[in-house]
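Ligands are counted one by one from 1 in listed order, and the atoms in each one are counted from 1 as well.
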Amino acid sequence: MTFDPALGLREVLDKISLAAKACDRDPNDITLVAVSKVHGPETIVPVLQTGHRTFGENRVQEAQAKWPALKAQFQGIKLHLIGPLQTNKVKEAVQLFDVIESVDREKLAVKLAAEMEKQGRSLPVFIQVNTGEEPQKSGIFPTDVDKFVGRCRSLGLDVRGLMCIPPVEEEPSLHFMLLEKLARRNGLADLSMGMSGDFETAIEFGATFVRVGTAVFGERQQSQ
Ligand SMILES: *Cc1c(COP(=O)(O)O)cnc(C)c1O
């Protein structure tokens with residue numbers, strides 16, 4: 001309850017900066033996606049007031065309830081969808097979000113391309129890779145990434161990079177390394193990887209976006 005999100009943000013930004021310098025990278029090449037899922041405006045507004053503008057949400061409906069008002073109040077917000085997207089929510093997602101990080105199957109890619117065309121709104125997208133090939137997790141398997149990137153490009157999607165969520169019980173660096181290799185091979189500049197527990201490691205392995213929730217906003221009440 002006493003957790004101060006503005007301070008949490010400051011601390012994470014400082015750690016990003018230090019981690020970047022430790023591996024000779026420019027801290028400005030790394031964007032913090034502050035993951036605000038579950039938290040209400042009372043927790044998010046103090047972070048907006050510091051000037052931070054990039055946020056992540058994992059559910060379309062929850063984001064629809066919170067962000068239109070915040071976007072009207074604060075200019076320049078970039079909202080990233082980092083959770084699974086159902087095809088029946090594509091329209092709403094394209095209207096509200098500024099980046100879609102969770103493109104994880106052909107049907108969704110086709111729908112997204114059509115909806116963006118319809119709305120005249122070409123959002124940057126990331127392809128979610130299931131680096132651990134976990135059956136319960138969404139994402140393209142590493143062996144299918146090259147083909148899927150090609151398919152998304154042929155649909156006209158603005159593919160910027162790859163995103164992954166490593167298996168919880170494994171050493172994340174191996175997954176970050178694999179994601180970096182797959183991105184490089186496909187000429188993709190951006191890597192969305194690293195969360196509260198491992199964002200510094202992700203930076204060492206080339207992350208350009210880190211998605212950090214708990215370390216910025218404190219523990220979440222609901223488990224998601
Ligand atoms: C919740 C979530 C995060 C942030 O997790 P923390 O451990 O709270 O930093 C990052 N990425 C995705 C896809 C998430 O759902």
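Considering backbone and side-chain atoms together, N58 places no N or O closer than 3.5 Å to any N or O of ligand 1.
By the 30° and 60° cut-offs, the orientation of the rings of F55 relative to F217 is tilted.
Residues P27 and K21 share a closest heavy-atom pair of CG-CE, 4.1 Å. Annotation for I127 and C152: closest pair CD1-SG, 4.0 Å, computed over non-hydrogen atoms.
A side-chain donor from one of E101 and S192 sits under 3.5 Å from a side-chain acceptor of the other.
Shown in contact with V212 at under 4.0 Å from a heavy atom are these atoms of ligand 1, numbered in order with element: 9 (O). Close approach of ligand 1 to I82 (heavy-atom distance below 4.0 Å) involves ligand atoms 11 (N), 12 (C), 13 (C), 14 (C). Short contacts between ligand 1 and I165, defined as distances under 4.0 Å to a heavy atom of the residue, involve ligand atoms 13 (C). Remark: ligand 1 atoms within the under-4.0 Å shell around heavy atoms of R211 are 4 (C), 9 (O), 10 (C), 11 (N), 12 (C), 13 (C).
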Item to check | Pair R105-S138, side chain to side chain donor-acceptor pair (under 3.5 Å): steps then yes or no | outcome: CA-CA 9 Å; R105 60 200 191 280; S138 53; over 6 Å; no

Next on the checklist: Applying side chain to side chain donor-acceptor pair (under 3.5 Å) to E57 and H80, what does each step give before you reach the verdict?
Outcome noted: CA-CA 6 Å; E57 289 282 346; H80 290 225; over 6 Å; no

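Proximity of R220 to ligand 1 is established by a heavy-atom distance of less than 4.0 Å.
Between the choices M195, E101, M193, K37, the shortest heavy-atom distance to atom 14 (C) of ligand 1 belongs to K37.
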